[in-house]
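Worksheet: the structure to be examined is printed underneath.
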Amino acid sequence: MSDTFLQAVQLFAAPFTTALLLAALLPRLGFWLLLRQQVFLGAAIGQASALGFAVALWCGLGSGILHGLTNDSWLIVFGGLSAMAVAVLSLRALSAARSNLEARSVTVFLLGGSGAMLLLANDPHGLHEVMRLQSSSMLGASANDVVIAGALLLITVVAQQRFHFRLLLWAMDPTQARAQGLRPINYDVAVGACFGLCVAFATHATGLLFTVGLLVLPVLLMRELCASLRSVIRWAPIVGASGTLLALFIAHQPSIDWPPGQAAVALLSVAVFVVRVTRTMRGPIRG
Amino acid sequence: MTTPGELLSTSKLVVGFRTPLLSGLTVQFRPSEWWFVLGRNGAGKSTLLHTLAGLMPPLGGELFCVAGIANRSALGFVPQEPPLQPSLPMQLAEFLELGLADQRTSRKERDAAVAAVLVHIGLSGLGSLRWSVLSLGQRRRALIGRALLRKPSLMILDEPTTSLDPGTALQIVHDLDYLRLSRGLCLLHSSHDLVLAQRFATHLVVIDDGEAHVGPADLLFATGVVANALGTGALS
């Protein structure tokens, strides 16, 4: 273990821990997007949260303490509400009409990105903040972020264990879920709210690129490698966390010094590409 | 309301999506009956089945059912094809388990129920196969198996033999007949296959130009109602 990495761990204990907890949390959420065939929706929800942050900054809620909440809390509230609205409405539309939301997701993604920039075009501090979120920077995460990330991970794990089969049926076949007496609207709202909150927090703590990357890449990787859905949901969070740890290690080598969020996403993207190519050459897994 | 012995009944039911496709259907479904729903493409067969399964609200009339059907615990619904992506690594056993998604069961109970159903549908030992490598006939059996896991008293099947070769279709229908007779299952089955309907149906709902002809299968075949409705009279 290199001295540089150990020094970085001591210096950035909270950001690293937050990143690792989110790397275990986000693939658990991305799994449901994969089942709904809406991987890009993750990017749209992340961008919607960035627009929410921009609205908070535009309203002057991004500095100091206002109405008893710190600037960070206001950003998460606005980003969370914006992301939740997009997540709930999108899941609802999917359950109701079984329509493909690709075009709408792209529109939300583009509107979120451009809208955030335009809102803050005359506010250099706000513009810098939004640009930071839209790239990736996990080094600003605090000890509070560790607690929040840990709590979100715990709640998500417990809820998924408790409602695993119901969520599977809801995600894959809402019509059949209704035929079996489930009410998809309850799951659209509950999952959408959880999704929006987690993605907004993750975007705030680690940036959009890392958030979207960790939502989808571990799940896509495990989809190629696993023989069952049960294995995908078990292994994707482990792969997300270990990929991030490896990226943190590589990024903090003296001769490299890369931004860790980008390093984690690039590493996982290359892994997905290599596995995909290998699988295509070797043929499908049968059982 | 339903009278003793009835699982589901309708009175002057109107079904459709915004505009009526079928009006005035009055019918009673009882255990061990096998109802085929016949009609041309677009006549409203699937819409009727979706309405009876509680997936669409009726546009008019009344729909009565026993408690087990109302809360869906005794209802098995078999769609033509579930919207599953071929790229998902879903195993056959995992797919079947979804039939119990709304019920609280232990892992042990679920595994035992899935193993028993795999035997029933003739796919014993294939539980670990991926959904994407199953043949169409195996997928149709899996859809029936998922519904059977719920131990239904009424099973609604939306064209379960469409696109299958005649041998596979006949085998599936034979298996359904065995289940009907051995478990007292009531089957409600939309189809275009008149040969199977003539051989296995006990009753028919024939949809013709927005109206339903209901009655014993022998009678409706013998009086030419089916031939007139489906336009097969000139061919025979």
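Interatomic distance, A:Gln176 CD to B:Leu84 CG, rounded to the nearest 0.5 Å: 10.5 Å. Atoms CD and CZ, on A:Gln180 and B:Phe77 in that order, are 10.5 Å from each other to the nearest 0.5 Å. Here B:Thr105 contributes atom OG1 and A:Phe165 contributes atom CZ; the two are 7.0 Å apart, rounded to the nearest 0.5 Å.
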Under the side chain to side chain contact (heavy atoms under 4.5 Å, CB included) criterion, do B:Leu88 and A:Leu34 qualify, and how do the steps go?
-> CA-CA 9 Å; B:Leu88 277 182; A:Leu34 180 76; 3.9 Å; yes

Could you check B:Arg146 against A:Asp173 for side chain to side chain contact (heavy atoms under 4.5 Å, CB included), going step by step and ending with a plain yes or no?
-> CA-CA 13 Å; B:Arg146 182 176 67 173; A:Asp173 195 347; 3.9 Å; yes

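B:Gln91 and A:Arg230 are not linked by any side-chain donor-acceptor pair at a separation below 3.5 angstrom, with hydrogens and angles left out of the test.
Closest of all the heavy-atom pairs between B:Arg72 and A:Arg178 is NH1-O, 2.6 Å. Closest of all the heavy-atom pairs between A:Thr175 and B:Leu55 is O-CD2, 3.5 Å.
Listed options A:Leu167, A:Leu182, A:Val232, A:Leu169 were ranked by heavy-atom pairs under 4.5 angstrom with chain B; first place goes to A:Leu169. Interface check for chain B: of the options A:Ala177, A:Ser228, A:Gly181, the most heavy-atom pairs under 4.5 Å are formed by A:Ser228. Per-residue counts of heavy-atom pairs under 4.5 Å with chain A were compared for B:Gln85, B:Arg110, B:Glu97; the largest is that of B:Gln85.
For B:Glu94 (side chain) and A:Leu229 (main-chain N/O), a donor-acceptor pair under 3.5 Å exists by modelled atom type. With A:Arg223 contributing its side chain and B:Pro89 its backbone, the two residues share no donor-acceptor pair below 3.5 Å.
Residues passing the side chain to side chain donor-acceptor pair (under 3.5 Å) test with B:Trp34 are B:His189, sequence neighbours excluded.
Heavy atoms closer than 4.5 Å to chain A are found in both the backbone and the side chain of B:Ser87.
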